[in-house]
Amino acid sequence: MREALGARAEQVRPVAPAYRRVSAGWRRREHKRRLILAVLAAAIFAAADAIGLWALNHARVDSHVIFSETTHPRPGTIAGVGQP
């Protein structure tokens, strides 16, 4: 076993400098791509939040009523739940 591994180890050549250069370039491009994607996702999220807050700020108060009942039910009752 030792002889087989020794013979195999003799066949292994060191990594060429060109491979290291190309690999470094690839890693640099991959890092830049991921950074741009993260910045783009953050910008889209921030823009969606800003548009939503702007829309909520400019909405009329009386037009968007969630609960339209003017009378309050007695405590302990479930009157009006599920009613359109």
Side-chain angles (χ1 to χ4, degrees):
M1 178 90 157
R2 185 177 301 249
E3 292 174 13
L5 289 176
R8 183 66 179 157
E10 289 176 5
Q11 295 175 355
V12 175
R13 287 177 272 139
V15 176
Y19 174 77
R20 289 184 180 163
R21 189 177 50 236
V22 170
S23 178
W26 180 83
R27 283 192 310 262
R28 187 173 42 253
R29 284 189 305 273
E30 179 70 14
H31 179 70
K32 184 178 178 181
R33 183 186 64 82
R34 287 181 184 223
L35 182 64
I36 289 172
L37 185 63
V39 169
L40 183 62
I44 290 172
F45 184 77
D49 281 347
I51 290 169
L53 289 173
W54 177 83
L56 287 173
N57 192 30
H58 285 83
R60 292 190 335 221
V61 177
D62 58 347
S63 67
H64 302 287
V65 177
I66 296 173
F67 300 106
S68 60
E69 290 186 24
T70 56
T71 61
H72 300 288
R74 288 178 283 135
T77 63
I78 55 170
V81 174
Q83 302 289 328

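Side-chain atoms are counted along with the backbone in the values below, which use heavy atoms only and exclude waters and symmetry mates.
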In short, salt bridge (charged side-chain N to carboxylate O under 4.0 Å, His left out) pairs touching residues 10-29 with sequence neighbours left out are none

Could you pull out all residues at least two apart from Arg8 that satisfy salt bridge (charged side-chain N to carboxylate O under 4.0 Å, His left out)? none

Glu30 atom CD, over 12 foreign heavy atoms within 6.0 Å: yes

